[in-house]
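Only heavy atoms go into these numbers, but all of them, side chains included; no hydrogens, no water, no symmetry mates. Not measured: the values here are computed from a predicted model. The chains referred to below are lettered A, B, ... by the order of the sequence lines, with proteins before strands, and numbering in each begins at 1.
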Amino acid sequence: MAKIIVVTSGKGGVGKTTSSAAIGTGLALAGHKTVIVDFDIGLRNLDLIMGCERRVVYDFVNVINGEANLKQTLIKDKRTDNLFILPASQTRDKDALTREGVEKVLNELAKDFDFIICDSPAGIESGAMMALYFADEAVVVTNPEVSSVRDSDRILGMLSSKSRRAEQGLEGIKEHLLLTRYNPERVEKGEMLSVEDVKEILAIELIGVIPESQAVLNASNSGQPVILDKDSDAGQAYLDTIKRLLGEQVPFRFLTVEKKGFIKRIFGG
Amino acid sequence: MSVLHCADLSPATLHTLLSAKLAQAPAFFLQAPIVLNLSDATETPDFNRLKNLFAELKLVLVGVTAANPEQKASAHAAGLAVLQAGKAALKTKEPNTSPPVAEVSDNKAVASAAASSSVAATMDSKVIEQTVRSGQQIYAKGTDLIVKGAVGAGAEVIADGNIHIYGSLRGKAIAGASGDTSKRIYCYNLQAELVSIAGNYWLSDSLQGKFWGKSACIKMQDDSLVISELV
Ligand SMILES: Nc1ncnc2c1ncn2[C@@H]1O[C@H](COP(=O)(O)OP(=O)(O)OP(=O)(O)O)[C@@H](O)[C@H]1O
Ligand SMILES: [Mg+2]
């Protein structure tokens, strides 16, 4: 049975697409056949982060409208086996997605894939609702600041009331907290909320903490998901996150300020 | 809560007014609880019809304020809460929506005459098993409300009876919503945006101090709110 995981946040720009790309790639690396679906109709950028923007021919809306089939539309990732991308349309607006259309496409994907990762647009309007409606699990991407936490709380409310599982009285969506852009230095100075603060407010299980990292910017500039940068802090934090998503117990890293080593202290860096 | 002032309560006028507001900020108003300020309205509208109108627009009409006795009786019959108006609210003529707190110069409790009606909590309490999230609201009509989780910032819990919150209260809690001043709010960890009993309310500013972040009980005593320790 395919598992549908929505990557959502309420607030914009917190790292949903970065995380969708990393999670999709990580699951595929672990041997699971995975597709990442871009629900951000009109503002697509998953293809940029995955480095496949020049290979987009058809898109999600074409499939819904019957203008292309899935086989023609899915883009096979060049670097990672088992990984596919269903790109969003850049030219349509959000209302191009209908619930029936989305359901049809997800059902068809479910026959073939182990994991379906839905990269949600920001906000709580129809596009975001569409991305979360059919989910079995949710990765709630949150930055350690008050407004992001508030919006995540709001989205958690939606997950528990406006999803298919809620409406049909099924077992609720499994919710995971993914804290991104975590900057231990700023937490120590009291400029940002700590992991503990966020956990206490949102009261859901923590699946990962991704540090604020230059590696993320480098990765998106080169069109390569950061999880493939295995030496980077953010890449490793996403790898840990995938292990936890697959049920492994992994200790959390990158939570405290790194003490500068002797060499670094002398030569800077 | 948003308070809506409107002199003409005909469904057509209200529909136009509300639609215009919704167009400005659809997300903000989605399923928002609204109190209707009747200070400018001379007639008594059909409240059941208004409730349906609000519901069609995905809003919740929870109560009325500044009502005359006839309006009060009719609102009550339609199952609406009868709240007391803040002092400044009565003077406002412009139709606008704003939280009642913004209309009160002094953010201590607004203690005015006791409400004319009260509802005894005889029904089973309403029990919420999980956390009430930002943007959600829960109304326990004619009874007590028990929340086993927390009430998030930006969430609202309203009860005609008492409110018990076994997690942190970071949002708004409104007990005795139909005017019963004997109702109380109990919470495990007080960090509220607003607490109100029978229309008397305190904002977060007035709650800072000894009980902030602690378990607390809020009740009415001699026409004003008082907080005490739970244990
Ligand atoms: N851990 C991180 N460290 C540094 N920068 C990051 C990190 N995560 C994300 N960013 C940056 O934040 C910006 C927004 O990221 P991203 O596009 O993934 O967010 P989003 O939630 O998908 O945004 P939108 O709501 O617009 O869809 C990007 O510039 C990205 O490179
Ligand atoms: Mg995005």
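For A:Ile204, the part sitting under 4.5 Å from any heavy atom of chain B is the side chain, from C-beta outward, and nothing else. Interface remark: B:Ala153 contributes backbone and side-chain atoms alike to the contact with chain A (heavy atom separation under 4.5 Å).
Atom NZ of B:Lys51 has more than 12 neighbouring heavy atoms from other residues, nucleotides or ligands inside a 6.0 Å radius. Atom CD of A:Glu171 sits in a sparse spot, with 12 or fewer heavy atoms from other residues, nucleotides or ligands closer than 6.0 Å. Counted within 6.0 Å of OH on B:Tyr188, heavy atoms from surrounding residues, nucleotides or ligands total 12 or fewer; the atom is thus considered open. Atom CD of A:Glu191 sits in a crowded spot, with more than 12 heavy atoms from other residues, nucleotides or ligands closer than 6.0 Å. Residue A:Arg253 places its CZ atom among more than 12 non-hydrogen atoms of other residues, nucleotides or ligands, all under 6.0 Å distant.
Rounding to the nearest 0.5 Å gives a distance of 12.0 Å between OG1 of B:Thr131 and CD1 of A:Ile201.
Considering every non-hydrogen atom in both B:Gln136 and A:Ser161, the closest pair reads NE2-OG, 4.0 Å. Closest of all the heavy-atom pairs between B:Ser134 and A:Arg154 is O-CD, 3.1 Å.
In this structure, B:Arg133 contributes its side chain and A:Ser160 its backbone to no donor-acceptor pair below 3.5 Å. When atom types are taken as modelled, the side chain of A:Asp153 and the backbone of B:Gly152 share no donor-acceptor pair closer than 3.5 angstrom.
Listed by first and then second residue, the ring pair (Phe, Tyr, Trp, His ring centres under 6.0 Å) pairs that reach into residues 155-176 of chain B are B:His164-B:Tyr186, sequence neighbours excluded.
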